[in-house]
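Below is one structure, written out as structure tokens; comments come after it.
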Amino acid sequence: MEFALYNGLKPAYLVIATDIWDLYQNNEIQISSHQFECPQCHVPLLLVNLNSKTPKRIYFKTFPEQPHLQCEAKNQTFQQFKRNHPRFVEEDGLITKEKLPDLLFKQQTRNGINSINISSNSLNTEVRATNQNKQIMTANEYHARRATSFSLHRLWLEIYKRIDSNEDLENIKISIDWPHLDNNDKEVSYVKPLKFKEISLSKIVFQPNIQKLKQKDLKKDFIFWGEVTVEKKETKYGQEFFLNFINSEIRAHWTSNTLKGLLNINKIRQAANTQKKVEIMLCGYVYFDKKISEYIFIKRTKYLSDFITIAD
């Protein structure tokens, strides 16, 4: 299940698994993976992969000894549940009646504090998120924070959640404000950044394994998502990993030092030794290098969490 009742506070309220994971990973909420239940049959639920920094999926599941009891919610998406139980959702104190803001991706500042401005027709809240753990989170606090994310991996989770529910990425709208920054954290003007008040995921997620790069796609930031093979070479810069998207002309390459600290870097190393494929997500743009006649990927910022993620 992608949603559940959070019962760590009374009255309980509905939450979405990916929202809770993001808040937890950003130290905005201190929570146990056992503080949830099904909103329909009320069996206890476990939030799977809450502690993982790079899960492939995040979801709620029942315990073996306590399965769902004649429950429709277990097979529904959150949107389906809201449509089928409008009174339950909106009138019983489980979710705010306010119009929720769309999912918004913003650039993370690097001084330990993020200023978040969230606006909707009836919600205008400024939230300052610090590294101090929140002991509890009321429904209003949850809804004020849940819509804003800084994480490339959160976008990964959103995509996989929609794939699992057979949703077309064309129908998934997000807001995104991700500038392209140089090594001094200054925004550059020669790249079209990912800045859209509303856009379908299908318009910004480029799948090199099934899409062909066009001239109009150059010097524009995209989310590049797909499988790669990996080669390891000694170059004048030291040991480099070359990531080649399957069935694509796009490649990326970095030194071991550039990728130092990358979560799941062992998958890159193992792929270089075994020729196994690795599923990755990159954020940046592609240009054509005339000297070597290849399309080369350029990262969006110098920060690992901004331009690359590999799931567990």
Side-chain angles (χ1 to χ4, degrees), residues 25 52-56 107-112 150-156 178-194 205-209 211-213 217-312:
Q25 293 296 326
S52 172
K53 292 186 178 299
T54 53
K56 190 166 187 176
Q107 177 62 33
Q108 185 172 23
T109 58
R110 303 293 169 175
N111 60 1
F150 309 93
S151 164
L152 180 61
H153 199 79
R154 167 68 182 277
L155 197 144
W156 175 301
W178 279 355
H180 192 101
L181 306 178
D182 63 18
N183 286 334
N184 295 313
D185 289 344
K186 302 297 183 183
E187 187 168 356
V188 303
S189 60
Y190 54 83
V191 179
K192 185 177 180 181
L194 288 167
V205 175
F206 193 98
Q207 296 177 264
N209 302 155
Q211 290 176 259
K212 293 296 182 182
L213 201 65
D217 296 326
L218 299 179
K219 291 293 182 78
K220 292 168 61 176
D221 279 340
F222 284 100
I223 311 298
F224 294 91
W225 166 51
E227 290 186 317
V228 300
T229 57
V230 183
E231 300 174 79
K232 182 171 59 176
K233 298 179 181 180
E234 290 293 333
T235 71
K236 64 180 180 180
Y237 303 106
Q239 186 183 80
E240 286 195 71
F241 291 104
F242 289 77
L243 283 60
N244 305 291
F245 280 99
I246 305 297
N247 299 325
S248 174
E249 65 271 47
I250 300 173
R251 66 158 37 183
H253 61 94
W254 296 290
T255 64
S256 297
N257 189 54
T258 299
L259 297 179
K260 184 178 181 181
L262 174 66
L263 295 171
N264 295 322
I265 184 62
N266 284 339
K267 287 195 172 186
I268 296 291
R269 296 193 179 107
Q270 291 168 4
N273 296 327
T274 65
Q275 299 304 304
K276 285 186 175 181
K277 300 172 185 176
V278 180
E279 188 177 19
I280 68 170
M281 183 173 284
L282 304 177
C283 186
Y285 76 92
V286 171
Y287 81 100
F288 185 72
D289 190 328
K290 294 181 180 179
K291 292 181 180 178
I292 58 176
S293 296
E294 290 184 358
Y295 288 98
I296 302 298
F297 171 84
I298 303 297
K299 57 187 184 292
R300 185 177 71 82
T301 81
K302 64 184 179 183
Y303 303 105
L304 286 169
S305 60
D306 283 348
F307 75 84
I308 185 170
T309 188
I310 306 169
D312 296 343

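These numbers come from a predicted model, not from an experiment. Quick note: residue numbers are just sequence positions, from 1. All values below come from the heavy atoms of this structure, side chains included, with hydrogens, waters and symmetry mates left out.
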Minimum heavy-atom distance [X]-[Y], with the two atoms named:
| X | Y | result |
| --- | --- | --- |
| K232 | A272 | CB-CB, 4.0 Å |
| L152 | S305 | CB-O, 3.5 Å |
| F241 | S256 | CE1-OG, 3.4 Å |
| W156 | A311 | CZ2-CB, 3.3 Å |
| A271 | K276 | CB-O, 3.3 Å |
| N247 | N209 | CB-O, 3.8 Å |

For residues 262-273, pull every pair meeting salt bridge (charged side-chain N to carboxylate O under 4.0 Å, His left out), keeping only residues two or more places apart or in separate chains.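 Pairs touching residues 262-273 that pass the test: none.
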Determine, step by step, whether D306 and Q107 satisfy the side chain to side chain contact (heavy atoms under 4.5 Å, CB included) criterion, reporting the C-alpha distance in whole Å, the side-chain angles of both residues, the deciding distance to 0.1 Å, and the verdict. CA-CA 8 Å; D306 283 348; Q107 177 62 33; 3.1 Å; yes
For E240 and T255, which I'm curious about, is there any donor-acceptor pair between the side chains at under 3.5 Å?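 The criterion, which ignores hydrogens and geometry beyond distance, is not satisfied for T255 and E240.
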Nearest-0.5 Å distance that lies between atom [atom1] in [X] and atom [atom2] in [Y]:
| X | Y | atom1 | atom2 | value |
| --- | --- | --- | --- | --- |
| D217 | Q211 | CG | CD | 8.0 Å |
| F245 | L213 | CZ | CG | 11.0 Å |
| N244 | T229 | CG | OG1 | 4.5 Å |
| F242 | I296 | CZ | CD1 | 8.0 Å |
| Q239 | L259 | CD | CG | 10.0 Å |
| T309 | L304 | OG1 | CG | 10.0 Å |

Please report the C-alpha distance between L194 and C283 in whole Å, then the side-chain angles of each, then the deciding distance to 0.1 Å, and finally whether the side chain to side chain contact (heavy atoms under 4.5 Å, CB included) criterion is met. CA-CA 9 Å; L194 288 167; C283 186; 3.7 Å; yes
Can you spot which of L263, L262, T54 makes a side-chain contact (heavy atoms from CB on, under 4.5 Å) with I310?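 Only one option passes, and that is L262.
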Q108 and Y303: side chain to side chain contact (heavy atoms under 4.5 Å, CB included), yes or no, with the steps? CA-CA 10 Å; Q108 185 172 23; Y303 303 105; over 6 Å; no
Side-chain contact, heavy-atom cut-off 4.5 Å: [X] with [Y]?
| X | Y | value |
| --- | --- | --- |
| T301 | W178 | no |
| Q25 | S151 | no |
| L243 | W254 | yes |
| S248 | K212 | no |

Exercise answer: donor-acceptor pairs, residues 219-227 side-chain atoms, under 3.5 Å, sequence neighbours excluded:
residue	atom	partner	partner atom	Å
D221	OD1	H180	ND1	3.0
D221	OD1	Y285	N	3.3
D221	OD2	H180	ND1	3.0
W225	NE1	E279	OE2	3.1

Suppose we screen for side-chain hydrogen bond (donor to acceptor under 3.5 Å, both in side chains). Which residues come up paired with N273, at least two apart in sequence or across chains?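 Result, side-chain hydrogen bond (donor to acceptor under 3.5 Å, both in side chains) vs N273: none returned.
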Enclosure of K302 NZ (heavy-atom neighbours >12, cutoff 6.0 Å):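 Counting neighbours around NZ of K302, more than 12 heavy atoms of other residues, nucleotides or ligands fall under 6.0 Å, so yes.
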Mind checking ring pair (Phe, Tyr, Trp, His ring centres under 6.0 Å) for Y295 and listing every partner two or more places apart, or none if nothing turns up?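 Ring pair (Phe, Tyr, Trp, His ring centres under 6.0 Å) check on Y295 returns F288.
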Partner set under ring pair (Phe, Tyr, Trp, His ring centres under 6.0 Å) for Y237, not counting sequence neighbours: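 In terms of ring pair (Phe, Tyr, Trp, His ring centres under 6.0 Å), with neighbours along the sequence ignored, Y237 is linked to no residue.
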Where do I308 and K299 land on the side chain to side chain contact (heavy atoms under 4.5 Å, CB included) test, with the steps shown first? CA-CA 8 Å; I308 185 170; K299 57 187 184 292; over 6 Å; no
Run the salt bridge (charged side-chain N to carboxylate O under 4.0 Å, His left out) test against E294 and tell me which residues pass, sequence neighbours left out.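 E294: salt bridge (charged side-chain N to carboxylate O under 4.0 Å, His left out) contacts with R251.
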Check: Q270 side chain, I265 main-chain N or O, donor-acceptor pair, under 3.5 Å: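 Side chain of Q270 to backbone of I265: no pair is present.
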Using only atom types and a distance under 3.5 Å, with no angle test, would you say the side chain of N184 pairs donor to acceptor with the backbone of K186?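 No, the answer is negative, given that no donor and acceptor are paired below the 3.5 Å cut-off.
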